[in-house]
Protein chains: 2
Amino acid sequence: MADEDRPGASTAALARIQTLPSWLLNRASARGRRLVAEALARDGMRMPHHAVLSAVADLGPVAQAELGRTTGFDPKDMVGILNDLQAQDLVSRAPDPSDRRKNAITLTPAGRRRLARLAKLGDEANETLLAALTPAERELFLALLTRVVEEDA
Amino acid sequence: MADEDRPGASTAALARIQTLPSWLLNRASARGRRLVAEALARDGMRMPHHAVLSAVADLGPVAQAELGRTTGFDPKDMVGILNDLQAQDLVSRAPDPSDRRKNAITLTPAGRRRLARLAKLGDEANETLLAALTPAERELFLALLTRVVEEDA
DNA sequence: CTACCAACGTTGGAGTTCCCAACGAATGAC
DNA sequence: GTCATTCGTTGGGAACTCCAACGTTGGTAG
C-alpha cells in the first residue's frame, strides 16, 4: 500500500498549505491592499492612481509607456488611470513636441496637493499593516521581503 | 508657499511608494502566486483547487459551507471549484443523511494520490520563492509574516 | 528615398480573485 | 406551527492583471 493511499497520510494538509510562504504572502498582501484601498478611498482615490501620481511627480514630464515600465502597470490600464487623473485635473496630458507618438504627462498643482494627502493616508495604512511588529522587526521584515522580491528580476 | 506646492517637495514619491510594505507584499505575493500557479499547472491544477483538496483531505466528509469558512473561499466560488474537482473524480459530493441541506464532500483515492503530487509541486515552488533567504532567515521571515497576518483576525 | 522594424497610445477582450444579493430547500428554536 | 437560520446554488459586479491587435510615428538599413 502506497503512502498516499494510507488513510491519514495527508492529514494536516490544510495546515501545511496555510503555513506556506505563498499562502501567508497572499493573505498579508490582501490585508495590505484592503487597508491601503480603504485609506485611499477616504480621499476618493485608488491604489493604481496613487502609484501613477507618485511616478509622475518623480519623473516630471514623462511618456505613458515609461510610466508603465516604471510602475509595472499595463499600457491598457495606464490609459484608464490617466483618464481618471486627468478628469480630476491632477495631471495634464499634452503631446510631446519632440516625439509626436508620446504624451507628456505632468503633475498639476492640484495633483501635487492631492499626492501629499494620499502619501499620508498610505503611510498610515502601512503603519496599521505592520502594527504587530516592533520598529526593529519592521526593518528586518522589509529587508527580507525586499530580497524575496528582488529575486524576481 | 505650502510645502506641497514647492517644486521637489514630493520627489522620491515613487521610490517611497515602492518600498512601502504594502507594495512589496503585493509584488512578493504576485511572484508567489505565479510560481505556484506555474507549478500546479504542470499537473493541470489551480491554486484554489489545491487548497480545497487539502481542506477536504483534512476535514474528512465535510459540508461546502464549512470548507468555505476554513479556506476563505466564497460559497459561490466553492461551487465551481468542487464541480471541477468532482469532474476529475478527486472528490465525491454526496447528500449528508443527517442534514439534507448539506453535501458531504469526501476525498477519493484518486484525489489523495493527486494531492500528494500537488503538495510536492507546491513545496518546490515555495522553495524557489524563498531561494534568496537562508534557512534561518526563512524561519524568521515566516514568523514575522505570520504575526502580520494574524493581526487580521 | 524607400523599406522595414520598433515604439507609442489606444481599443477590445479575457482571466482571476473577491464580494454581495437572492432564491428554494431544509433545519432548528420558540 | 411559525419564524429565523443555514445550506447549496445562481447571478452579477468591482478591481486588478495580462495579451493581442491596430493606426500612427520614429529611427534605421539598404
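Bear in mind that the values here come from a model prediction, so they are computed numbers and not experimental data. Numbers restart at 1 for each chain; the letters A, B, ... are given by sequence-line order, proteins then strands.
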Using whole Å, what does the distance between atom [atom2] of nucleotide [N] and atom [atom1] of [X] come to?
X: A:R69; N: C:dG9; atom1: CZ; atom2: C1'; result: 12 Å
X: A:H50; N: D:dC16; atom1: NE2; atom2: C1'; result: 17 Å
X: B:K102; N: D:dT9; atom1: NZ; atom2: C1'; result: 17 Å
X: A:I105; N: C:dC8; atom1: CD1; atom2: C1'; result: 12 Å
X: B:W23; N: D:dT17; atom1: CH2; atom2: P; result: 8 Å
X: A:N103; N: D:dG26; atom1: CG; atom2: P; result: 13 Å
X: B:L82; N: D:dG8; atom1: CG; atom2: P; result: 9 Å
X: A:E66; N: C:dC8; atom1: CD; atom2: C1'; result: 12 Å

Going by heavy atoms closer than 4.0 Å, what residues in residues 83-101 of chain B are next to DNA chain D?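 Nucleic-acid contacts, sorted: B:R93, B:R101.
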Test: ring-ring contact (aromatic ring centres under 6.0 Å, His included). Region: [range]. Which pairs qualify, not counting sequence neighbours?
range: residues 16-44 of chain B; result: none
range: residues 100-144 of chain B; result: A:F141-B:F141
range: residues 71-92 of chain B; result: none

Charged N to carboxylate O below 4.0 Å: is that the case for [X] and [Y]?
X: B:D99; Y: B:R101; value: yes
X: B:R147; Y: B:E151; value: no
X: A:E38; Y: A:R42; value: no

Contact state string [nucleotides 17-23 of chain C, B base, S sugar-phosphate only, - no protein heavy atom under 4.0 Å]: SBBB---
Go through the side-chain N and O atoms of A:Q88 and A:R114 and say whether any donor and acceptor fall under 3.5 Å apart.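 Indeed, the side chains of A:Q88 and A:R114 share at least one donor-acceptor pair under 3.5 Å.
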Classify the side-chain pair B:S22/A:N126 by whether it contains a donor and acceptor separated by less than 3.5 Å.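 Side-chain D/A pair, B:S22 to A:N126: present.
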Checking B:Q64 now: which residues fulfil side-chain hydrogen bond (donor to acceptor under 3.5 Å, both in side chains) with it, not counting sequence neighbours?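 side-chain hydrogen bond (donor to acceptor under 3.5 Å, both in side chains) check on B:Q64 returns B:R93, B:N103.
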Side-chain N or O of B:Q64 less than 4.0 angstrom from OP1 or OP2 on D:dC7?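 No.
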